[in-house]
Amino acid sequence: MEYNFLEIEKKWQKYWSDNEVFKVEIDPSKPKYYVLDMFPYPSGAGLHVGHPLGYIASDIYSRYKRLKGYNVLHPMGYDAFGLPAEQYAIQTGQHPAVTTEKNIARYREQLDRIGFSYDWSREIRTCDPSYYKWTQWAFLEMFAHWYNIETDRAEKISDLITVFEKEGNLNIKASCSNVKKFTADEWNQFSEKEKADILMCYRIAYLGETSVNWCAALGTVLANDEVKDGISIRGGYPVEQKKMLQWQLRVSAYAERLLKDLDSIDWTDSLKEMQRNWIGRSEGAEMIFKVSNGLQEFDMEIFTTRADTVFGVTFMVLAPESDWVDKLTTPQQRKAVEDYVNYCKKKTERERIAETRKVTGIFTGSYAVNPFTNEKIPVWISEYVLAGYGTGAIMAVPAHDSRDYAFAKQFNLPIVPLIEGCDVSDESFDAKNGVMCNSGFLNGLSVEQAIPAAIEEVEKRGIGWRKVNYRLRDAIFSRQRYWGEPFPIYYKDGIATPLGFEHLPLKLPEIDKFLPTEDGEPPLARAGNWTFEGYPLEKSTMPGFAGSSAYYLRYMDPHNDNSLVSKEADEYWKNVDLYIGGTEHATGHLIYSRFWNKFLFDLGYVCESEPFKKLVNQGMIQGRSNFVYRIKGTNKFVSCGLKDKYDTTEIHVDVNIVSNDRLNIDAFRKWMPEFADAEFILENGEYICGWAIEKMSKSMFNVVNPDMVCDKYGADTLRMYEMFLGPLEQSKPWDTNGIDGVHRFLKRFWRLFFNKDKFSVSYEKASIKEYKILHKLIKKVEDDIENFSFNTSVSAFMIAVNELYETGCNKREILEPMLILLSPFAPHVAEELWSLLGHGDSISKAIFPEYIQSYTVEDTFEYPVAFNGKMRFKLTLKRDLPKSEIEDLVAKSPETLKYLGEGKISKIIVVPNKIINIVF
RNA sequence: GCUCGGGUGGUGGAAUAGGUAGACACGCAGGACUUAAAAUCCUGUGGGCAGCAAUGUCCGUACGGGUUCAAUUCCCGUCCCGAGCACCA
């Protein structure tokens, strides 16, 4: 019987869907396991073979865990709000909901063909009102809470008001925006508006003025992680800095917890490192410098990590946007300073980055006093100091900071070295080592000792304090776009007021056009009556990450209309055990999700403080492009190996008409009219194409659609081949060349169960040799799956099948467990053979240990052997050899063994993976 | 510039608490079956040298050193490639 994958796959996909085989419910009798994929944004282009890589891996793992007796939650959904659908809507007038719906249908069709074991009854879409109700709800909760630094958690705003009424904010330690101190009396006399403004400074979701990434082409602001090199990631448009009033989430309040809890989760080091960099914790001190513009004296705070270098401070620098600029500019310098500040303002983020090494700046005219040397030092302004970090002002130590050094050289400012023997004539000495000099009481100390000593002294003199700074900023949460969640906020007498829970979801209104209004308001302003009880509703919408921040919780209880997730579901499913997705979300989604989860944890809605216990990053699949070589000025094409003999032009050719780098000439002639009468110069009767690894994209003609692979080889081959391609985490090109090998394996496996055309499986007892083949395979595949080394487990199957061919084995005792083991990888084939073996139900319901127990063999064997020596010794041998053979091997083993001399080996330990430890 | 990864046949890649490097697969070459093709199966396949041959022998995991009886694996230095961060004081 032929291995008819098309028929088999269709049959079992229908069976799974008709019988809801993968539907899961809470089942306290079984251990739970939650496997999650990063849900896709359904783009118009559909899936290419790169997209399912992670999904296949997670599916194999899910199926494997089911075989191991776990109750596996493995859901899928769509991150359906977003810019591309909206941009498309602007161009075509087509409503984003319509295109999104269409794209989702296409995605679903493609996903279904690959045979995933998703519980589709739990599907969610972020653009669905019943889903975004809970996004809006979470926002309202953030609006209704503030961050108490003393208890280190989010608490109710209503409790904060109670404190304000009793004692003002004098004793409150909160993570908040700049807010003045007030007493209870003062609080009680504030107007409603004043109170609202103060509370806004404390809320975790708050409205505040901030410098934002403004993308004029997209007409919206973007978060830091949505911008790279001054260019928007979606669309690639320039981005500029602009001050705007925006909704923000106080992510910064959670910086320390986000950092610390990285230690408790099983993510790759590189990913954790990225998050650590993004959070950017740095320990140091805030210090007060006295500054004077000649008329007035001020205390100016700066942040430094190098308090030890304070004796070398020879000037101060302000960020151009700093509030100090205005206060410290003297009349004589006013014009020059204004010119400089305007010059900085005009620059886009991109220009600033491009000119990183250009040193610019201007003197304010004011001076500060170095608190340790009492020297008068000038205060400058320069764009190399950032307004958003620290206090927006620095003490400059040119001898030991390369940026200060460049600035000092440019403007001829003094450079005072502070470390013995360092040479600062060409460059600064930035390293944190050496012995201090020119530094008063710090002289003779190492840098390591000097830093804390200096901070101690600063605190003693009352001119500063220890301080930890973070690079992580609050997340800007407003987007001036249509296709996103509306804010459940209206403005009553200018006060931002939350909608009551009973009014959720606040649905997106219909509008005529998806563009901003003529006077620059967001598209929602076009809605005829975008008001609540006569008051205007917020016109921006939430960003893409809003809907994806808590979706993993919703899967646990997707149809619950009373809460995001029920207590019962949350306590059973807890958090995601395995999360698979790309690295591109390292500093976006994965930070926001962790923040969101911690917030809900503080409020008691979820029982775990981290959302994703283990995270695996799958690599990207690149395209493998093919080329043909046209001889210039002709319609004649020369095969790759001969192309150097001619003057040719390299032309991309559709990889779908090339096989193993051989061009299908007929298909090529039909591919494009201009090639209809093409002529060819062949090598050995074939046209060989050139190739290159490039990004998979339409314009390179290297996009491979999974549907095509399923048509030609079947989903099981696609699944196994994607795994066989190489390590999961590694990026690698899609190379169709090797796929025949995997397909051949499946056909060989299939034929093990057949004799000629007849299904034929023997009930004979298996031989020792055959047991060894099976158990070697089980051991290997289980270890590999646990380590996400799927490529080597595919190889292990191939080896086992080759070996079974050698023994001519068709014994049920061997083939049945093997089939179960293969089922996570190639579920359709496994189901078909399983049913041919006479099983009534799905192999997906089988529990592996039940089939394997009777065959289990000992893991460790010990063989006493004579040896004397001093070291532990290992020798690679095959597993579970008879004792005599081992001794024999030891006796006549390689040179290295002879070295051991005539001693006594007490025993040799054979551990499962072929290693022998010789102990004595 | 800084921080992580990584350099193994013609190709994708195996093998690291140090122990026969190149599993498995692709490709290639030869063979069987076939009128032929597809499919399938078998054999060979890192390089050099010697041999009719089985085989023997030397060199080989980016490069140069080191530790060790033994190094793809550990240590030091150099060169390349990839990823992330980048005026974060």
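Bear in mind the structure is a predicted one, so any value in this text is a computation, not a measurement.
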Side chain of [X] only, please: which of [options] is the nearest?
X: A:Ser795; options: B:A23, B:C41, B:C87; value: B:A23
X: A:Thr792; options: B:A15, B:A39, B:C24; value: B:A15
X: A:Pro727; options: B:U40, B:A14, B:A89; value: B:A14
X: A:Ile799; options: B:U40, B:A89, B:C24; value: B:C24
X: A:Arg744; options: B:G84, B:A89, B:C26; value: B:C26
X: A:Asn737; options: B:A89, B:C26, B:G13; value: B:C26
X: A:Arg748; options: B:C41, B:G13, B:A89; value: B:C41
X: A:Glu273; options: B:A89, B:C24, B:U3; value: B:U3

task = Please state how far atom CG in A:Asn802 lies from atom P in B:C26, giving the value in whole angstrom units.
result =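 In whole Å, B:C26 P lies 10 Å from A:Asn802 CG.
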message = Distance check needed: B:G13 P versus A:Met798 CE, whole Å only.
response =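 Taking atom P of B:G13 as the reference, CE of A:Met798 is at 15 Å.
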Inter-nucleotide [atom1] distance ([N], [M]), Å rounded:
N: B:G48; M: B:A36; atom1: P; value: 36 Å
N: B:A83; M: B:A70; atom1: C1'; value: 35 Å
N: B:C59; M: B:U8; atom1: C1'; value: 16 Å
N: B:G60; M: B:G9; atom1: P; value: 14 Å
N: B:C75; M: B:C24; atom1: P; value: 31 Å
N: B:C69; M: B:G64; atom1: C1'; value: 24 Å
N: B:G44; M: B:A37; atom1: C1'; value: 25 Å
N: B:U34; M: B:A53; atom1: P; value: 32 Å

Taking NZ, NE, NH1 and NH2 as the nitrogens, is one of them in [X] or [Y] under 4.0 Å from a carboxylate oxygen of the other?
X: A:Lys467; Y: A:Glu283; answer: no
X: A:Arg276; Y: A:Asp263; answer: yes
X: A:Glu448; Y: A:Lys432; answer: no

query = So, A:His400 and A:Ser428: side-chain donor and acceptor under 3.5 Å apart, yes or no?
reply =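 On atom types as modelled, these side chains do not qualify, holding no pair under 3.5 Å.
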inquiry  = Could you check whether A:Asn802 and A:Arg748, counting side-chain N and O atoms only, form a donor-acceptor pair closer than 3.5 Å?
reply    =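 Distance-only check passes for A:Arg748 and A:Asn802.
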task = Just label B:G12 as syn or anti from its O4'-C1'-N9-C4 or O4'-C1'-N1-C2 angle, using within 90° of 0 for syn.
result =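 Base orientation: anti.
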task = Please determine if A:Arg751 forms a cation-pi arrangement with A:Tyr3, meaning its NZ or CZ atom is less than 6.0 Å from the six-membered ring centre and no more than 45° off the ring axis.
result =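 Ring-cation test returns no.
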query = Would one find a side-chain N or O of A:Arg471 under 4.0 angstrom from OP1 or OP2 of B:A86?
reply =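 So the side-chain polar atoms of A:Arg471 do come within 4.0 Å of the phosphate oxygens OP1 or OP2 of B:A86, strictly under.
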message = Assuming nearest nucleotide by heavy-atom distance, tell me which of A:Ser731 and A:Asp740 is located more 5' along RNA chain B.
response =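 By nearest-heavy-atom nucleotide position, the 5'-most residue is A:Ser731.
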task = With RNA chain B as reference, determine whether A:Ala796 or A:Gly392 sits nearer its 5' end, using the nearest nucleotide of each.
result =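 Checking each residue's closest nucleotide, the 5'-ward one belongs to A:Ala796.
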message = Ring-plane angle category for A:Tyr343 and A:Tyr340, please: parallel below 30°, perpendicular beyond 60°, tilted otherwise.
response =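 Aromatic pair A:Tyr343/A:Tyr340 classed tilted.
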query = Is the shortest heavy-atom distance from the side chain of A:Trp380 to the side chain of A:Phe407 under 4.5 Å?
reply =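 Side chain of A:Trp380 against side chain of A:Phe407, heavy atoms only: contact under 4.5 Å found.
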task = Using Watson-Crick or G-U wobble pairs with both distances under 3.5 Å, give me RNA chain B in dot-bracket, 5' to 3', with [ ] for crossers and | for pairs to another strand.
result = (((((((..(((......[....)))((((((.......))))))(((((....)))))..(((((..]....))))))))))))....
